[in-house]
Amino acid sequence: MTHLEPLGGGAHRIHFAGGASADHTLVIGADGAWSRVRGLLGGAVPDYTGVTFVEANLDDADRRHPHAAALTGHGMMMALHANRGLIAQRNSGGHLRVYIALRTELDWYETAGIDLADTERVRAALLAEFTEWSPSLRGLITDNDGPFVNRPIHALPVPHTWPHTPGLTLLGDAAHLMSPFSGMGANLAMLDGADLALAVAAHAHADAAQAGGPSAGRLDAAVRAYESVMLPRSVEAAAGAAEAIAAAIAPDAPVGLLAHFASRH
Ligand SMILES: Cc1cc2nc3c(=O)[nH]c(=O)nc-3n(C[C@H](O)[C@H](O)[C@H](O)COP(=O)(O)OP(=O)(O)OC[C@H]3O[C@@H](n4cnc5c(N)ncnc54)[C@H](O)[C@@H]3O)c2cc1C
């Protein structure tokens, strides 16, 4: 989709690259962090949190990287100190995903004259940030398979809401992009989708006999019902995620993060 055109009465025309278009009575923006649909719902733009994750990947870890696999265990391992972090997560198939977290400028690599495609240069720069860390943790930086991936962490303002607008709504990151420290972004996106589908199905039921699907009025009632559940839920999760990233990649880490966990559980 390149852009949306309001047609009045809650209808919108979706324009696609290549010139095609389609008219719909309900458009659901499930288009992620840089959502274009959000442009018609207040137009909030994500801010850089001040934290960048540089992603490393370790394949077949139990066999090829047994020390990293043991450090990570069956779930996730976080080592946090003085605005830095090493966060390792076990994925399926014996794969480990490691986030090398830095509180730094958005353009840190440009300032340092580093080409992100130059894996050895990126590795040297990252190791220089973790000189006093234990060799076993530094192994998460030295042992990766393949290139590093730079992932600056952005988040929408908290709270992010919008005035209800007939014919349009958002779900997932488009609605509530938050730092991964919530641990819930993908789960919330799926829950949003399920809640919206259930709300539409419940409201459409009353129009079951009507050819062409539920009326615009019933669709609007379904979207209102969905937003009344989704918005407060996502505001609470996003507030927690903002607190957690501020405490996790902080000068006194991990002290603030432990206090954050204690206050929420
Ligand atoms: C480093 C990192 C680690 C994370 N770790 C976790 C974790 O451990 N657990 C967890 O639950 N969450 C995690 N998340 C968050 C999770 O990835 C997101 O919350 C989740 O992917 C959001 O799903 P979504 O479908 O809303 O958006 P997305 O996954 O971004 O999907 C949006 C889709 O819309 C498409 N799109 C965008 N614009 C257009 C357009 N104009 N036209 C057509 N299509 C378009 C995109 O191509 C994409 O396919 C992490 C995020 C990051 C950055």
Side-chain angles (χ1 to χ4, degrees), residues 1-5 12-22 24 27-41 43-58 72-78 80 84-92 95-104 106 116 126 140 144 147-156 158 160 168-197 226-227 230-231 233-242 244-245 248-249:
M1 182 198 78
T2 56
H3 65 285
L4 267 185
E5 179 188 351
H12 290 84
R13 180 162 297 153
I14 308 172
H15 292 271
F16 298 101
S21 66
H24 287 284
V27 176
I28 301 160
D31 49 348
W34 305 102
S35 169
R36 297 193 183 187
V37 178
R38 196 170 56 228
L40 292 185
L41 290 173
V45 178
D47 284 327
Y48 177 52
T49 58
V51 173
T52 288
F53 282 6
V54 182
E55 181 182 314
N57 288 278
L58 282 69
T72 307
H74 293 294
M76 191 177 214
M77 183 280 302
M78 284 195 208
L80 308 171
R84 302 280 178 272
L86 292 171
I87 301 165
Q89 186 184 51
R90 183 178 284 267
N91 296 167
S92 58
H95 184 85
L96 298 185
R97 192 180 299 257
V98 176
Y99 296 120
I100 301 143
L102 309 166
R103 186 165 289 284
T104 189
L106 189 55
L116 290 174
L126 293 172
L140 296 170
N144 67 309
F148 294 97
V149 184
N150 191 58
R151 297 196 185 281
I153 304 299
H154 289 79
L156 280 165
V158 182
H160 174 243
L168 284 184
T169 194
L170 301 174
L171 63 74
D173 279 5
H176 45 65
L177 178 69
M178 61 188 77
S179 95
F181 280 92
S182 78
M184 290 194 285
N187 305 290
L188 287 176
M190 290 189 284
L191 188 56
D192 293 351
D195 282 346
L196 180 54
Y226 156 71
E227 289 174 347
M230 180 276 291
L231 285 171
R233 173 174 71 207
S234 59
V235 167
E236 189 187 346
I245 195 170
I249 311 301

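One-based numbering, in listed order, for ligands and for the atoms of each. Scope of the values below: all heavy atoms of this structure, side chains included, with no hydrogens, waters or symmetry mates.
Residue Ala174 places no N or O, backbone or side chain, under 3.5 Å from any N or O of ligand 1.
Contact annotation: for Arg151 versus ligand 1, heavy atoms closer than 4.0 Å belong to the side chain alone. Contacts between Ser35 and ligand 1, counted as non-hydrogen atom pairs separated by less than 4.0 Å, are absent for every part of the residue.
Annotation for ligand 1: atoms under 4.0 Å from non-hydrogen atoms of Gln89 are 8 (O). Close approach of ligand 1 to Ala30 (heavy-atom distance below 4.0 Å) involves ligand atoms 32 (C), 33 (C), 34 (O). The distance from ligand 1 to the heavy atoms of Gly32 drops below 4.0 Å at these ligand atoms: 27 (O), 30 (O), 32 (C).
Put simply, atom 12 (N) of ligand 1 has protein non-hydrogen atoms near it, under 4.0 Å away. By the definition of a contact as any protein heavy atom under 4.0 Å away, atom 46 (C) of ligand 1 is not in contact. Remark: atom 17 (O) of ligand 1 lies closer than 4.0 Å to no protein heavy atom.
Residue Glu55 places every heavy atom at 4.0 Å or more from ligand 1.
Ranked by closest heavy atom to atom 5 (N) of ligand 1, the top entry among Ser182, Pro180, Ala186 is Pro180. Considering each of Met1, Arg36, His154, the one bringing a non-hydrogen atom nearest atom 40 (C) of ligand 1 is Met1. Checking Gly183, Pro152, Ala189 against atom 25 (O) of ligand 1, the nearest heavy atom belongs to Ala189. The closest heavy-atom contact to atom 3 (C) of ligand 1, among the options Phe181, Tyr99, Phe53, comes from Tyr99.
His154 and Trp34 have perpendicular rings, their planes meeting at more than 60° on a 0 to 90° scale where under 30° would count as parallel.
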Problem - Intermediate values then yes/no, side-chain hydrogen bond (donor to acceptor under 3.5 Å, both in side chains), His12 and Glu5 - result: CA-CA 5 Å; His12 290 84; Glu5 179 188 351; over 6 Å; no

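When each of Asp192, Val158, Leu170 is paired with His176, the side chain to side chain contact (heavy atoms under 4.5 Å, CB included) condition holds for Asp192 and for no other. Considering Asn144, Thr72, Asn91 in turn, Asn144 is the only one that fulfils the side chain to side chain contact (heavy atoms under 4.5 Å, CB included) rule with Leu58.
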